[in-house]
Amino acid sequence: MLRLLAARRTDEVVITTMTATLQWPLVSSHPLDFDFLAFGMGHASDFGLGLALARPERKVIVLKGDGGLLMSLGSLVTMGRYAPPNLLVLLLENRSYEMTGGQPLAPKADFVALARGAGIDKVEQIEDVTTFEEELPRLLTEPGPHFIVLPVTNSEPLPPVAHTDHAERVVSLRRGLGLE
Amino acid sequence: MNGASAARTVAVIEDLGFTDVVSIPDGESRHLHQALLDTPDIEVYSPTREGEGIALAAGLWVGGRKPLVILQNTGLMEAGDALRGCGIGPSIPLLLLVGWRGYPGAMAGTMPVDSAYPYTEPLIRAWELPHRRLMSDDDLGVIGEMAAVAEGTSKPAVVVYGYGFTP
């Protein structure tokens with residue numbers, strides 16, 4: 001899935017957090033990639049919402065996990081309320097805290113229902129890679145915001161965490177946006 | 001003390017060039033919150049909790065806006081990880097207006113003392129954030145002072161308001 005996204009992506013900001021921060025650099029190296037790891041537990045899509053509101057001409061894609069979402073469920077309500085059309089949240093649903101060893105999450109939580117109930121109009125669950133590949137061009141161009149649930153599994157060992165300077169990540173992204 | 005005028009505070013916020021306000025209203029800030037909603041040149045966002053709000057404000061700033069965050073001291077306590085991760089760590093110069101719940105009662109000698117009162121300034125000092133007190137219109141200059149400190153240090157700075165805002 002990440003390879004498909006990297007292949008289609010052009011000038012969108014891509015914000016990653018937790019497991020995605022380890023996997024996304026394997027397929028992408030772009031000035032508008034932003035590693036949100038350790039910026040605030042559960043807040044990647046809140047940051048993405050602010051960025052999307054600030055830059056309405058620019059698509060903002062957030063790759064986050066279901067564990068992170070559960071740490072800030074209220075963010076769904078705020079996303080539904082302010083609803084910038086240029087925001088795309090891809091929820092990597094693996095039902096576990098993968099980075100910390102795979103501890104299980106609540107098995108019955110329905111993330112599609114939660115997002116719809118929070119007031120987000122364009123909520124979808126995409127079940128497989130083939131469908132994701134088919135739908136991706138639409139998701140990258142159609143006005144949103146979109147909240148997409150992607151059930152995922154990962155059998156490969158995770159790469160080690162790269163500890164890069166937080167302030168430099170911000171400067172790099174602002175430079176990519178033409179603000180530095 | 002009756003606090004600061006909401007209208008005069010909004011004028012200061014506009015003069016300083018703030019483009020957006022991220023605000024979860026409390027009893028003391030409700031008149032300021034309403035005055036900001038009535039100000040067409042400032043966008044007001046109300047998240048569901050304060051940590052969410054600080055992350056949202058950080059995104060706004062990274063995207064080129066100039067946000068102000070208004071939250072109660074109880075919200076500051078909730079938002080510690082977001083403040084660390086989206087403000088202090090990455091050097092994002094957010095200005096926070098923090099409502100000091102419990103301060104008026106403590107000054108009046110009302111018992112019991114609100115447990116939010118005694119931890120407010122010690123918590124701000126623990127974060128090593130510069131701060132000033134805003135108690136009346138006479139203190140409105142501290143908003144600009146702390147905004148300049150935030151921008152000069154590339155770190156968050158705080159204005160604590162003790163008596164809220166009058167209409």
Side-chain angles (χ1 to χ4, degrees), chain A residues 13 15 17 32 34-58 60 62 64 68-69 71-84 86-87 118-119 163-180, chain B residues 17-25 37 42-71 75-96 127 150-156:
Chain A
V13 175
I15 299 166
T17 189
L32 296 177
F34 187 74
D35 176 349
F36 193 79
L37 185 64
F39 270 67
M41 297 289 283
H43 292 307
S45 56
D46 307 321
F47 178 84
L49 173 62
L51 189 55
L53 290 164
R55 311 297 301 184
E57 80 287 359
R58 176 86 59 176
V60 175
V62 179
K64 68 180 294 184
L69 177 65
M71 292 184 180
S72 186
L73 269 179
S75 63
L76 292 174
V77 176
T78 310
M79 179 179 165
R81 180 174 181 179
Y82 296 108
N86 55 327
L87 179 60
H163 294 284
T164 58
D165 182 82
H166 289 192
E168 286 183 11
R169 290 185 222 170
V170 168
V171 169
S172 175
L173 178 56
R174 282 172 59 89
R175 192 179 296 128
L177 291 167
L179 296 170
E180 292 275 345
Chain B
F18 286 99
T19 56
D20 306 80
V21 173
V22 179
S23 167
I24 297 182
L37 287 173
I42 294 179
E43 297 289 338
V44 178
Y45 301 107
S46 290
T48 65
R49 279 246 64 172
E50 289 80 357
E52 188 193 314
I54 286 177
L56 194 162
L60 286 166
W61 184 85
V62 170
R65 306 285 290 184
K66 185 174 178 179
L68 170 70
V69 182
I70 303 176
L71 67 171
L76 182 69
M77 294 169 190
E78 186 277 339
D81 184 48
L83 180 60
R84 172 204 61 76
C86 292
I88 299 168
S91 299
I92 294 179
L94 298 176
L95 180 63
L96 313 179
W127 287 113
E151 289 178 15
T153 61
S154 295
K155 296 287 181 186

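Heavy atoms only: backbone and side chains are in, while hydrogens, waters and symmetry mates are out. Per chain, numbering begins at 1; letters A, B, ... match sequence-line order.
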Check each atom of B/L83 against the heavy atoms of chain A and say whether the ones under 4.5 Å are side chain, backbone, both or neither. neither
Test side-chain hydrogen bond (donor to acceptor under 3.5 Å, both in side chains) applied to B/S46 - qualifying residues, sequence neighbours left out: none
With a 4.5 angstrom heavy-atom cut-off, which part of A/F36 approaches chain B: side chain, backbone, both or neither? side chain
Count the heavy-atom pairs under 4.5 Å between each of B/V22, B/D20, B/L60 and chain A, then report the option with the highest count. B/L60
Side chain / backbone / both / neither for B/R49 at chain A, heavy atoms under 4.5 Å: neither
Counting heavy-atom pairs under 4.5 Å to chain A, which of B/P90, B/P47, B/A82, B/G53 comes out on top? B/P90
Could you tell me whether the side chains of A/T164 and A/E168 share a donor-acceptor contact shorter than 3.5 Å? no
Any sub-3.5 Å donor-acceptor pair from A/N86's side-chain atoms to A/R55's backbone N or O? yes
Check: A/R169 side chain, A/D35 main-chain N or O, donor-acceptor pair, under 3.5 Å: yes
Who wins among A/G40, A/G42, A/G74 for the most heavy-atom pairs under 4.5 Å with chain B? A/G74
Residue list, salt bridge (Lys or Arg N to Asp or Glu O under 4.0 Å) with A/R174, at least two apart or on another chain: A/E180
Interchain contact, A/R81 with chain B, by part (heavy-atom threshold 4.5 Å): side chain
Exercise: identify the closest heavy-atom pair between B/A58 and B/I92: CB-CD1, 3.9 Å
